[in-house]
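Worksheet for the structure shown next.
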Amino acid sequence: MTEAVQTLIDALCLPLLAETRVEAARTALVLQEMGPQQLCIPQPQTADHLAMRSLLAQSCHPAASGLLAAFDLIPWGINPVAAQVGDRGSMYVVATLMGPEGPVPCADLRMGLYYQRPNTYYGLHNHDADETYTILAGSAIWTAGEDTQLRETGAQIHHPSLMPHAFRAGPEGLLTFWRWSGDVNLHSYTMLGDPEVVLTA
Ligand SMILES: [Fe+2]
């Protein structure tokens, strides 16, 4: 395992170990034991990549420096719910790091990173899986069920199964770590109607 891959694994474990839930600790264990074997694919440098690097460079989160050092290993662009979100997917970029389809294979856990462009609104949605987000850089006006408030770097937000959630990224954008546990199926991922979203179907 290269030093950069170990740096990436160590950085990804920080938000997992900061969460007290058993499933978060198990996610870290799977990552540490198996390692992202296929995370050595050169990534193109897009405007989003440059924005993410800039956000990480300014972040005070302890995982930020490791993610920045290993940034070229992160497989940005794999959106597991692209079919469900349609055009809304153009406002964000996802890196899937663990799940039934890999790159770190695990049948009942998913994990990855999420970047949302500045001042964009990703509307209410839900899914069967339990989910925890950790904000690694930037901020958002965050809706989790009935609660809407400003969430900043370091915040951890837990969405129990089927809780509606939505994010309005701040002026600097939003970079998060996310993980799923419980029923991690993709077919239940649903965009919900709310005043900010015009549903096309
Ligand atoms: Fe979610």
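As the structure lists them, so they are numbered: ligands from 1, and atoms in each ligand from 1.
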Exercise for the section: Decide whether His127 and Ser188 meet the rule of one side-chain donor and one side-chain acceptor closer than 3.5 Å. Expected result: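 The answer is no; no qualifying pair exists.
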Practice task
Consider only side-chain N and O atoms of Thr7 and Glu3, and report whether a donor and an acceptor are under 3.5 Å apart.
Solution key: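 There is no such pair (donor and acceptor under 3.5 Å, judged by atom type) between the side chains of Thr7 and Glu3.
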Handout entry: Lys/Arg-Asp/Glu bridge criterion (N-O < 4.0 Å) met for Glu101, Arg110
Key =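 Yes.
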Practice task
May I have the angle between His127 NE2 and Glu131 OE2 with its vertex at the Fe ion (ligand 1), rounded to 10°?
Solution key: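 Computed angle, vertex at the Fe ion (ligand 1), rounded to 10 degrees: 100°.
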Practice task
Indicate if the distance from the Fe ion (ligand 1) to the nearest N, O or S atom of His125 falls below 2.8 Å.
Solution key: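 Within the cut-off used here (under 2.8 Å), His125 places no N, O or S atom near the Fe ion (ligand 1).
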Exercise for the section: Pick out which of Glu131, Glu23, Glu19 makes a salt bridge (Lys or Arg N to Asp or Glu O under 4.0 Å) with Arg179. Expected result: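 That would be Glu19; it is the only one of Glu131, Glu23, Glu19 passing the salt bridge (Lys or Arg N to Asp or Glu O under 4.0 Å) with Arg179.
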Exercise for the section: Give the name of the N/O/S atom in His165 that lies closest to the Fe ion (ligand 1). Expected result: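 Relative to the Fe ion (ligand 1), the closest nitrogen, oxygen or sulfur of His165 carries the name NE2.
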